[in-house]
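These notes concern the structure reproduced below.
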Amino acid sequence: MSEIINNNHNEQEELELNEILQVRRDKLSELQLSGNDPFQIVKYDVTHKTGEILANFEEFEDKQVSLAGRLMSKRGMGKSSFCDIQDVDGRIQIYVRINDVGEEQYESFKKLDIGDIIGVTGRVFKTRMGEISIHADSYTLLSKSLRPLPEKFHGLKDQDTRYRQRYLDLIVNPDVKKTFITRSRIIAAIRRFLDARGFLEVETPILNTIPGGAAARPFITHHNTLDMEMYLRIAPELYLKRLIVGGLDNVYELGRMFRNEGMSIKHNPEFTMMELYQAYTDYHGMMELAETLISTVAQEVIGTMKIEYQGQQVDLTPPWPRITMIDAVNEHSGVNFNDISSDEEAIEAAKAKGMNIEGSPSKGEVLNMMFEEYVEDKLIQPTFIIDYPVEISPLTKRKADRPELTERFELFITGREFGNAYSELNDPIDQKERFVDQVKKREAGDEEANMMDEDFVLALEHGLPPTGGLGIGIDRLIMLLTDSFSIRDVLLFPTMKPKER
RNA sequence: GAUCCACUAGCUCAGGCGGUAGAGCACUUGACUUUUAAUCAAGGUGUCCGGAGUUCGAGUCUCCGGUGGAUCACCA
């Protein structure tokens with residue numbers, strides 16, 4: 001029934017098709033009427049890909065090969081033609097001659113459109129101009145393209161179309177394909193690195209009843225049978241630490257997080273994060289792991305630790321400097337928080353520097369504000385900023401000798417945050433109090449403050465070993481290693497508003 | 001959420017002070033048996049993002065709306 005409706009709908013649409021679309025549909029109908037419906041073909045025997053032939057011509061010269069791909073250009077010259085087909089590796093030129101394929105096949109070859117998918121068998125050779133090509137002895141139309149591709153020379157530039165119809169972007173812009181292949185390799189290299197060090201990859205719930213582990217507004221959804229609100233996770237932290245309580249000792253999760261916040265070149269509502277937890281180590285252990293992980297992945301995937309990001313030279317060779325937040329703020333603003341003893345004094349110092357302070361933040365909060373204002377965007381080379389104020393670190397172990405600070409670091413490269421890690425707070429009584437503080441902030445209107453998670457506290461009461469935890473923003477790491485300007489350039493399908501029809 | 005910019009043929013883009021829309025590629029037809037942004041000849045492209053207004057007349061000016069981009073705010 002629905003098919004009938006669709007067919008009627010299609011017929012109505014066809015009346016309005018412009019010439020370019022109509023010609024292609026007519027060619028398809030002709031093929032179908034003559035018993036050559038390309039959509040009935042189910043497989044094609046591909047023996048080689050373009051990449052291996054282009055890379056090893058001497059080995060392949062005069063050998064018979066079978067390739068398949070998308071027709072990207074056509075240069076007809078009467079009784080012979082050249083065309084290019086593109087597969088996952090790239091493009092190769094095909095030479096088709098009437099003497100070799102016969103009159104009938106040659107006539108139908110001339111009717112192929114750019115964008116069609118074809119299979120070709122033939123012999124590898126080099127043209128007079130020196131281009132490695134396939135001298136075809138037969139070809140098969142494997143799928144008909146009913147729409148024209150974007151222009152061959154300028155490609156597809158319209159950002160809106162590139163994101164909404166990413167397949168077109170992938171077909172015509174080779175750098176885009178390269179970026180996403182690199183993305184996949186980076187993620188595979190991260191898994192290899194962690195697996196080799198004894199980490200166990202786990203999966204924790206994306207549907208949460210209490211979203212925790214980060215300061216962020218969650219997406220809210222509804223479960224029908226349970227008839228209750230649920231939240232998409234903002235971080236996996238509280239689940240992963242339960243697994244450390246459970247004795248899994250070294251775990252990681254690499255997956256999608258969801259935060260209901262603003263979008264920018266650095267933020268997409270869903271993004272990929274890697275979090276790992278290692279029992280019996282602390283944030284110093286996490287620093288070593290973070291710098292080793294990122295530099296190793298760069299070396300393996302990019303082939304170097306010295307990279308360029310948007311014109312800036314960045315050297316990822318470890319070790320990376322460790323600077324306390326207090327020292328960093330002192331260095332860049334001249335305000336030494338070691339000499340500040342009260343909240344009021346801190347606010348005065350910030351105001352004296354010309355900062356606009358609203359409400360009555362604590363000393364630690366002012367320190368963090370001054371860090372963001374004076375230091376963050378200056379940290380181009382990889383730098384660990386360590387010892388964060390306890391007020392902004394509700395899940396972090398305090399420094400034994402300075403309980404107002406915590407054993408936490410964030411990693412900065414190119415002025416952006418790439419990672420966040422700490423010695424995990426394992427004192428259930430302190431954790432309970434920190435949650436109570438967060439709940440107060442929440443009740444005071446801070447929508448990003450943590451909710452009370454009694455089940456998590458219960459887990460800690462059973463005993464969490466001293467543990468180091470590390471989170472790395474994977475999309476940002478991929479941006480860095482692929483020299484991508486916007487997070488949307490490393491997401492195949494970035495979040496888009498639907499177009500109003 | 002705020003500000004600025006963009007939206008014209010399938011794609012990439014031009015359209016001066018308001019006078020009824022153009023190029024290249026792609027497409028159609030023809031020529032051409034090693035071309036390569038193939039070439040040569042001829043031909044057709046259109047909801048100028050949508051709506052309203054001003055005007056004799058709007059792609060162009062004004063207002064409202066849509067989508068995207070950049071910057072800012074918030075965050076990772």
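Numbered from 1 within each chain, the chains take letters A, B, ... in sequence-line order.
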Lys/Arg-Asp/Glu bridge criterion (N-O < 4.0 Å) met for D437(A), R434(A)
no
For nucleotides U62(B) and G18(B), find the distance between their C1' atoms and express it as a whole number of Å.
13 Å
For the P atoms, the ones on A70(B) and on C27(B), what distance do you get once it is rounded to whole angstrom?
33 Å
Does E131(A) contact U36(B) through a side-chain donor or acceptor facing the base, at a distance under 3.5 Å?
yes
Please state whether the base of U35(B) and the side chain of R75(A) form at least one donor-acceptor pair under 3.5 Å?
yes
At under 4.0 Å between heavy atoms, what does K126(A) touch on the DNA or RNA strands: base, sugar-phosphate, or nothing?
nothing
Could you pull out all residues at least two apart from F435(A) that satisfy ring-ring contact (aromatic ring centres under 6.0 Å, His included)?
none
Verify whether one side chain among S484(A) and Y309(A) offers a donor that lies under 3.5 Å from an acceptor in the other.
no
Which value, in whole Å, describes the distance between the C1' atoms of nucleotides C25(B) and U33(B)?
26 Å
Pick the closest RNA chain B nucleotide for K111(A) and for D160(A) by heavy atoms, then say which residue is nearer the 5' end.
K111(A)
Under 4.0 angstrom, heavy atoms only, what part of the nucleic acid is G76(A) near: base, sugar-phosphate, or nothing?
base
If you take atom types as modelled and just measure distance, does the side chain of N99(A) reach the base of U33(B) with a donor-acceptor pair under 3.5 Å?
yes
Think K497(A) has a side-chain N or O under 4.0 angstrom from the OP1 or OP2 of G68(B)?
no
For RNA chain B, what string of dots and brackets results from 5' to 3' when Watson-Crick and G-U pairs need both distances under 3.5 Å, crossing pairs get [ ], and pairs with another strand get |?
(((((((..((((.....[..)))).(((((.......))))).....(((((..]....))))))))))))....
Looking only at side-chain atoms of K27(A), point me to the closest of A76(B), U34(B), U28(B).
U28(B)
Quiz question: going by heavy-atom distance under 3.5 Å, is there a donor-acceptor pair between the base of U35(B) and the side chain of Q93(A)?
yes
Scan A215(A) against the nucleic acid and name what it touches under 4.0 Å (heavy atoms): base, sugar-phosphate only, or nothing.
sugar-phosphate
Would you say U34(B) has OP1 or OP2 under 4.0 Å from some side-chain N or O of K79(A)?
no
Interatomic distance, I323(A) atom CD1 to F412(A) atom CZ [nearest 0.5 angstrom]
11.0 Å
Determine the interatomic distance between C1' on A21(B) and the same-named atom on G16(B); round to the nearest Å.
15 Å
When we call it a touch if two heavy atoms are under 4.0 Å apart, what does I20(A) touch: a base, just sugar-phosphate, or nothing?
base
R25(A)/E30(A) ion pair, N-O < 4.0 Å:
no
Between U8(B) and U60(B), how far apart are the two P atoms, rounded to whole Å?
13 Å
Is there a donor in the side chain of Q93(A) and an acceptor in the side chain of Y95(A), or the other way round, less than 3.5 Å apart?
no
With syn defined as a glycosidic angle within 90° of 0 and anti as the rest, where does G68(B) land?
anti
Closer than 4.0 Å, any side-chain N/O of K157(A) to the OP1 or OP2 of U12(B)?
no
Here the distance between atom P of C5(B) and atom CD of Q159(A), to the nearest Å, is 19 Å
At 4.0 Å (heavy atoms only), tell me whether Y106(A) reaches a base, stays on the sugar-phosphate, or touches nothing.
nothing
C63(B) and A6(B), which share atom name P, separated by this distance in whole Å:
14 Å
Pick out which of L170(A), I171(A), V172(A) makes a side chain to side chain contact (heavy atoms under 4.5 Å, CB included) with L156(A).
V172(A)
Ignoring hydrogens and geometry beyond distance, is the side chain of T127(A) in donor-acceptor contact with the base of U35(B) at under 3.5 Å?
yes
Worked verdict on F60(A) versus H48(A) for ring-ring contact (aromatic ring centres under 6.0 Å, His included)
CA-CA 10 Å; F60(A) 278 102; H48(A) 296 86; 4.9 Å; yes
Please work out if N268(A) contacts a base, only the sugar-phosphate, or nothing of the nucleic acid, heavy-atom cut-off 4.0 Å.
base
When you compare C40(B) with C32(B), how far apart are their C1' atoms, in angstrom units rounded to a whole number?
9 Å
Would you measure the distance from the P atom in U47(B) across to the matching atom in A38(B) and give it in whole Å?
28 Å
Indicate, with a heavy-atom threshold strictly under 4.0 Å, whether M257(A) touches base, sugar-phosphate, or nothing.
nothing
Under 4.0 Å, heavy atoms only, any strand: does Y163(A) hit a base, just the sugar-phosphate, or nothing?
sugar-phosphate
Over all strands shown, is I98(A) touching base, sugar-phosphate only, or nothing at heavy-atom distances under 4.0 angstrom?
base
First of T495(A) and P269(A) reached from the 5' end of RNA chain B, by closest nucleotide:
T495(A)
Between D84(A) and K74(A), does at least one N-O distance fall below 4.0 Å, as a salt bridge requires?
no
Check this one for me: any side-chain N or O of R164(A) less than 4.0 Å away from OP1 or OP2 of G68(B)?
yes
L156(A) CG - A9(B) P separation (whole Å):
14 Å
Side-chain N or O of R91(A) less than 4.0 angstrom from OP1 or OP2 on U36(B)?
no
For F258(A) and F219(A), take the angle between the two ring planes, folded into 0 to 90°, and tell me which bin it lands in: parallel under 30, tilted 30 to 60, perpendicular over 60.
perpendicular
Is R488(A) touching bases, backbone alone, or none of the nucleic acid, heavy atoms closer than 4.0 Å?
sugar-phosphate
Checking contacts here: which listed nucleotide (C27(B), A38(B), U12(B)) is nearest the side-chain heavy atoms of E19(A)?
C27(B)
Atom CD1 of I132(A) and atom C1' of U34(B): how far apart are they, to the nearest Å?
15 Å
